[in-house]
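Encoded as structure tokens, the structure appears first; notes follow it.
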Number of protein chains: 2
Amino acid sequence: MPDNQERFKMLLRQKGLKVTTQRILILETLEDRPDEHLTAEEIYECVKQENPDIGLATVYRTIQLLSELNLIDKLNLGDGYVRYEIGHHGDDATIHHHHHLICLDCGNVFTFQDDMLETLETRIQDSMDFKIVDHEVKLYGYCRECQKKNQGE
Amino acid sequence: MPDNQERFKMLLRQKGLKVTTQRILILETLEDRPDEHLTAEEIYECVKQENPDIGLATVYRTIQLLSELNLIDKLNLGDGYVRYEIGHHGDDATIHHHHHLICLDCGNVFTFQDDMLETLETRIQDSMDFKIVDHEVKLYGYCRECQKKNQGE
DNA sequence: GTACATGCAAAACATTTGCATCCGA
DNA sequence: TCGGATGCAAATGTTTTGCATGTAC
């Protein structure tokens, strides 16, 4: 399991880019909140507590960098914000994308892992001659709490 | 197989809303291009050919209405535009969501249908106590043409 | 005639960019 | 020192909204 922070520093040096306080703080913010799906604005607010002078533009630029380096994943819940979460890696460098359950009532996002998608991908690959390299699965519905809450209706 | 146009008119009347030329033209535009994933701007350009005085705001307002009435589906390809397509209904009123294959090279979007998701949904429903009502699946990769084109590299 | 719809322009919104200054290597 | 990084403000581009006018019913 590679240390994200060390990897980030290594990748930056490799590209002749600089290791700055801001960049590290932004990565830490995302590492500390592995299942929160933060928006740029939210990341900005978090980092400002440690470094009040940081600018929102720096957050956007760093997010883009982290995304290109495959250290974070984008997530679009269709609410007008792009959200980000730290990448979930396996022992190798392979990214294990998990999937998202989105509650239509409370808006909470739950994650789950399932290997069935791989079977599906193989099938599509064969039948449609389309080479799949990434996927995104979102299931919308009602979480346990909201089902309970609305049972009487 | 219900007629979208008649259904739209019926639903409008039911809600005390009015059947206008603009609303019908926008629905027709989407009906005529069932697999094109149009942006608001593109719909606007199409409708302007029939009705040059239409405003972009009307397109946005109608799209929102059609979306609320479940006559069209939203699709976000992450390119900064929200896209829309006519809903694909079965014999009953059930919406048969198809899935999308997005080529990372040429950007073309292909659709496919697969029932495997239902098995997945049942499993999630049982194991996580989450009642699923809708889903969205996007697979990213390379289409046949682009695979061929880039074979030499 | 009375809502509701429309078109226009202005506003709102997230995100990006230009540029002078700053700072890591 | 020097090229990349930052912060700020301005710009961008999509989508929304306010309001006077138009139109379906």
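So that the names make sense, note that chain A is the first sequence line, chain B the second, and so on, each numbered from 1. Owing to the predicted nature of the structure, the values given are computational and were not obtained by experimental measurement.
Rounded to whole Å, atom P of C:dA25 lies 9 Å from atom CG of A:Leu12. In this structure, B:Asn51 atom CG and C:dA5 atom P are separated by 16 Å, rounded to whole Å. Taking atom CG of residue B:Asp79 and atom P of nucleotide C:dA14, one finds them 19 Å apart after rounding to whole Å. Between the CD1 atom of B:Ile54 and the C1' atom of D:dT21 there is a distance of 17 Å, given to the nearest Å. One can place CZ of B:Arg23 at 8 Å from C1' of C:dC4, the figure rounded to the nearest angstrom. Taking atom OH on A:Tyr44 and atom P on C:dA14, their separation rounds to 13 Å, with Å as the unit. As a whole-Å value, the separation of B:Leu25 CG from C:dT6 P is 11 Å. Rounded to whole Å, the distance from CG on B:Leu65 to C1' on D:dT16 is 15 Å.
In this structure, the side chains of A:Thr39 and A:Val82 stay at 4.5 Å or more apart for every pair of heavy atoms.
In this model, the phosphate group of D:dT15 is not approached by any side-chain N or O of B:Gln64 to a distance below 4.0 Å at OP1 or OP2. OP1 and OP2 of D:dT16 both lie 4.0 Å or more from every side-chain N or O belonging to B:Tyr60. B:Thr20 has a side-chain polar atom (N or O) that falls below the 4.0 Å cut-off from OP1 or OP2 of C:dT6.
Along DNA chain D, the nucleotide nearest to B:Thr21 and the one nearest to A:Gly55 differ in position, and the one closer to the 5' end is contacted by A:Gly55. Between B:Ala57 and B:Lys18, it is B:Lys18 whose nearest contact on DNA chain C lies nearer the 5' terminus. Take the nearest nucleotide of DNA chain D for B:Tyr84 and for B:Leu17: the residue whose nucleotide is more 5' is B:Tyr84.
Within 4.0 Å of B:Glu41, counting heavy atoms only, lies no atom of the nucleic acid at all.
Side-chain atoms of B:Arg61 and base atoms of C:dG7 include a donor and an acceptor less than 3.5 Å apart.
Closest to the side chain of A:Val82, out of D:dT15, C:dT15, C:dA25, is C:dT15.
A pairwise comparison of heavy atoms in B:Thr58 and B:Ile26 identifies O-CD1, 4.1 Å as the closest pair.
Residues B:Lys138 and A:Asp134 are not paired through a salt bridge, judged by the lack of any N-O separation under 4.0 Å between the basic side chain and the carboxylate.
Side-chain atoms of B:Glu136 and A:His100 include no donor-acceptor pair closer than 3.5 Å. Remark: the A:His135 side chain and the A:Glu118 side chain contain no N/O donor-acceptor pair separated by less than 3.5 Å.
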